[in-house]
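Keep in mind that this is a model prediction, so the values were computed, not measured. If you read the sequence from its start, that first residue is 1, and numbering goes on from there. Hydrogens, waters and symmetry mates play no part in the numbers below; they use all other heavy atoms, side chains included.
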Amino acid sequence: MKKISLILSFMFLSIGLFGCQRNNDEKVDNAPSITENLETKAEVTEGEFVYRLVTEKAEYGEDEPMKIYAELEYIGDKEEIEISHAASPFHFPMVETTRNYEIGYGMDQPSLSTVILKGEPLRTEYRGSGGYGSQDKKEYIEFMKRIMNQEFPEGHYVVNGIADFGVIANEGTEQKKEYKIKGQVEFRVSNSNQQNSEINNPKKPYDSEEAIENGDVVNRHGEISNLDKFENFIKNVESGTKDEIRITMYTIEGDPIFYNLNYDGNKIQYTYDDSQDGYAGSGKGIKSTSCSNIESRNTENGVEYHLSECSSEVGNTFYFQVSE
């Protein structure tokens, strides 16, 4: 029997709207690994102002409305201050990092003014953004149509918020001081609620012998059983034939961890389930994503398999190596 080493690491209004399509080869800065905690709140103090940017949740369900807002608080010596700005002082441009798509946030540029009372922050909620042009690719247009409808597809989003305004610095000369305060928050969108309802993995106790009899690809500390199931799955993906497998891995303590791969003839639905791992920590649970393909490459240690073109960073956790 071939020896397989299975390594899966859990890294876990605007009036005018516009968007910008990025080249998928470009690197997007500040895209965290899946193990890092998402930054859901940003607070920046500049001069006599405090700018806050907040997403109320780190993870939203697909098509769930985003709850994002910005605040500007005056902390100077006066009882109130008047600021000048465009249609709003707040901008909410975003980047969806798994696709490398920019989601623009445009607005009309009238000269408006707002009075902010000391201790009473000015607050604006995100109401929508995005746009596309006739020259953009079909998949980008479909993505942006959903964004403009506030139906966010699955992915990882970084909000590069800006508070852009001015104040009169010298009342005698009416000299204006311009502010452009920046903050960043991030969130994920997952369709795992729908997918998780379809996942019905066995509950403990579920020993390796039972898993093998059930047809699972089983990893018992490096000893792999039912390799032919995995090889057949690869062949079926290549031929466009529907198939599904479950890979069951066991911890030292004997707790099962499941990796479900379900190919529907078009996409691979991949689910990581460590909900029964007693040492997985507070972040354990079921997380899913969809991927376009499973690819392989030859290395000195054998053949490596990984998922490609996934709609979220959960896909990056999958790594499967077959040694000769």
(Q) Using 30° and 60° as the class boundaries, would you call the ring planes of F165 and F49 parallel, tilted or perpendicular? (A) perpendicular
Q) Have T98 and E96 got a donor and an acceptor in their side chains that come within less than 3.5 Å? A) yes
Q: Could you verify whether a donor N or O on one side chain and an acceptor N or O on the other, from E295 and S308, lie under 3.5 Å apart?
A: yes
Q. Is the number of heavy atoms from other residues, nucleotides or ligands within 6.0 Å of CD (E79) greater than 12?
A. no
Q: Check whether NZ of the Lys or CZ of the Arg R123 lies under 6.0 Å from the centre of the six-membered ring of Y69 and within 45 degrees of that ring's axis.
A: yes
Q. Are a donor atom and an acceptor atom from the side chains of N160 and Q184 found within less than 3.5 Å of each other?
A. yes
Q.
For the NZ atom on K177, are there more than 12 heavy atoms of other groups (residues, nucleotides or ligands in this structure) within a distance under 6.0 Å?
A. no
Q. How would you list, by chain and number, every residue that makes a side chain to side chain donor-acceptor pair (under 3.5 Å) with K118, sequence neighbours excluded?
A. none
Q. Would the Y51 and Y179 ring centres measure less than 6.0 Å apart?
A. no
Q) Looking only at side chains, do H156 and T97 share a donor and an acceptor under 3.5 Å apart? A) yes
Q | Side-chain donor-acceptor contact under 3.5 Å, R188 with S312 | A | no
Q. Remaining members of V50's ILVMFWY cluster at a side-chain heavy-atom cut-off under 4.5 Å?
A. I75
